[in-house]
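What you see is a predicted model; the values in this text were computed from it and never measured.
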Amino acid sequence: MSDTITTHRAAPPTMRAVVVTRPGDLAALEVRDVPTPAREPGWVLIAVRAFGVNESEVTTRKGESDADVTYPRIPGIEGVGVVVNADPDSDLRPGQQVATLMGGMGRSFDGSYAECVTVPANQVIPFESTLPWETLGALPETLQTAYGSLSTGLDLQAGQTLLIRGGTSTVGLAAATLAKELGATVIATTRHADRLDSLRAVGVDHPITDDGNIAATVRDLAPSGVDAALELVGCTALPDTLACVRIHGTTCFTGALGGAWTITDFNPFAIPKGVRLTSYAGDAGDLPPEVLQRQLEAIGAGRLTVPVARTYRGLEQVPDAHAALESGRTTGKHVVVLDH
């Protein structure tokens, strides 16, 4: 796709996309010419400029997703780009910068691993920025999850102490930068001692190595317990995380990097006395445009850091991004940038 999009004329009839026709290994990610999606009323056609690569898309490629994922499917649960067209009475205009994420994108309908994507208007977030597309592409899902966890999940306030269990994940790194911008003290964990500097680089006050039992170490730093804890490792770590939290403090379960989403024979009395346990799973509506805009301005001013592991150019490099993500050897987001 060429200047057709940037001059805001109609999209060409075909586009390039990554299609998964059936679950499999990296070879299942096939780059094809496919029809450009037709926009339905209430939906928005977006020319994709960049997208982050997520564990969810690896799961979709492998056929391990929920039943709402059908094949063939263009994966991609998030993306940034510019509006091609929208409903005439929409607030969105051709050429406007937008982000989109979640809401079934890349799962129950085709997603962002393509030159164009159509999504419901209610999951489109407009913004204005001169940041490069590779930076913008790292943000939507990570920022929405981190912001939603800290605000809706934890109601984190300035002056409070936050524990992030799984701190070198993309959400963990984003949550640390948001919490520091808010004025919180941050303790964050990593299983790898050689990644402690990655935590310090985003402003973490107390990076600690996670051996599975960190409650005593955290209590040395916060004797009464932390005010808030963000659980990203999963249910195997959750009891120990709860033990780090003060009476009337809150733990928010957001992720399960360790793969354990449930606790067998859960006993509510395993929750320490007076400690609150909640969860967070949200969508585009949990990231208001003004919040996204504020974070973009903070990134531009150098107050927030965007952890990008590597940038890939073109759809042909999507398998490389999947392989790097699965290797687990890097911290930060893997971002694919498209040239229109």
Residues Thr161 and Thr185: side-chain donor-acceptor under 3.5 angstrom:
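There is no such pair (donor and acceptor under 3.5 Å, judged by atom type) between the side chains of Thr161 and Thr185.
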Do you know which two heavy atoms are closest between Arg246 and Val275, and how far apart they sit?
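Looking at all heavy atoms of both residues, the closest pair is O-CG2, 3.6 Å.
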Over all atoms of both residues, closest heavy-atom pair of Met15 and Pro37:
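Shortest heavy-atom separation between Met15 and Pro37 comes out as CE-CD, 3.5 Å.
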Should the pair [X]-[Y] be classified as a salt bridge under the 4.0 Å nitrogen-to-oxygen rule?
X      : Y      : result
Asp87  : Arg39  : yes
Lys333 : Glu141 : yes
Glu134 : Arg313 : yes
Asp210 : Arg191 : no

Test salt bridge (Lys or Arg N to Asp or Glu O under 4.0 Å) applied to Arg165 and Asp240, step by step
CA-CA 10 Å; Arg165 195 82 184 254; Asp240 188 55; 3.2 Å; yes
Separation between [atom1] of [X] and [atom2] of [Y], rounded to the nearest 0.5 Å:
X      : Y      : atom1 : atom2 : value
Ser112 : Ile77  : OG    : CD1   : 8.0 Å
Leu182 : Thr177 : CG    : OG1   : 11.5 Å
Leu26  : Lys62  : CG    : NZ    : 9.0 Å

Show the numbers, then the answer: is there a salt bridge (Lys or Arg N to Asp or Glu O under 4.0 Å) between Lys180 and Asp205?
CA-CA 9 Å; Lys180 290 304 299 178; Asp205 300 281; 2.8 Å; yes
Take the angle between the ring planes of Tyr113 and Phe51 and call it parallel below 30°, perpendicular above 60°, tilted in between.
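Geometry flag for Phe51 against Tyr113: parallel rings.
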Assert yes or no for the condition that the ring centre distance of Phe109 to Trp43 is strictly below 6.0 Å.
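Yes: the rings meet the under 6.0 Å criterion.
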Hey, mind stepping through Ser65 and Thr59 against side-chain hydrogen bond (donor to acceptor under 3.5 Å, both in side chains) and telling me if it holds?
CA-CA 6 Å; Ser65 295; Thr59 301; 5.3 Å; no
Any non-hydrogen side-chain atom of Ile46 less than 4.5 Å from a side-chain atom of Val119?
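A side-chain contact under 4.5 Å exists here.
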Starting from the C-alpha separation in whole Å, work towards a yes-or-no answer on side-chain hydrogen bond (donor to acceptor under 3.5 Å, both in side chains) for Asp320 and Gln317.
CA-CA 5 Å; Asp320 295 335; Gln317 291 199 331; 4.6 Å; no
I'd like to know if Leu156 and Leu242 are part of one continuous hydrophobic network [Ile/Leu/Val/Met/Phe/Trp/Tyr, side-chain heavy atoms within less than 4.5 Å].
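Unlinked, Leu242 and Leu156 end up in two clusters.
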Does CD in Glu128 sit with more than 12 non-hydrogen atoms of other residues, nucleotides or ligands closer than 6.0 Å?
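Open: at most 12 neighbouring heavy atoms sit under 6.0 Å from CD of Glu128.
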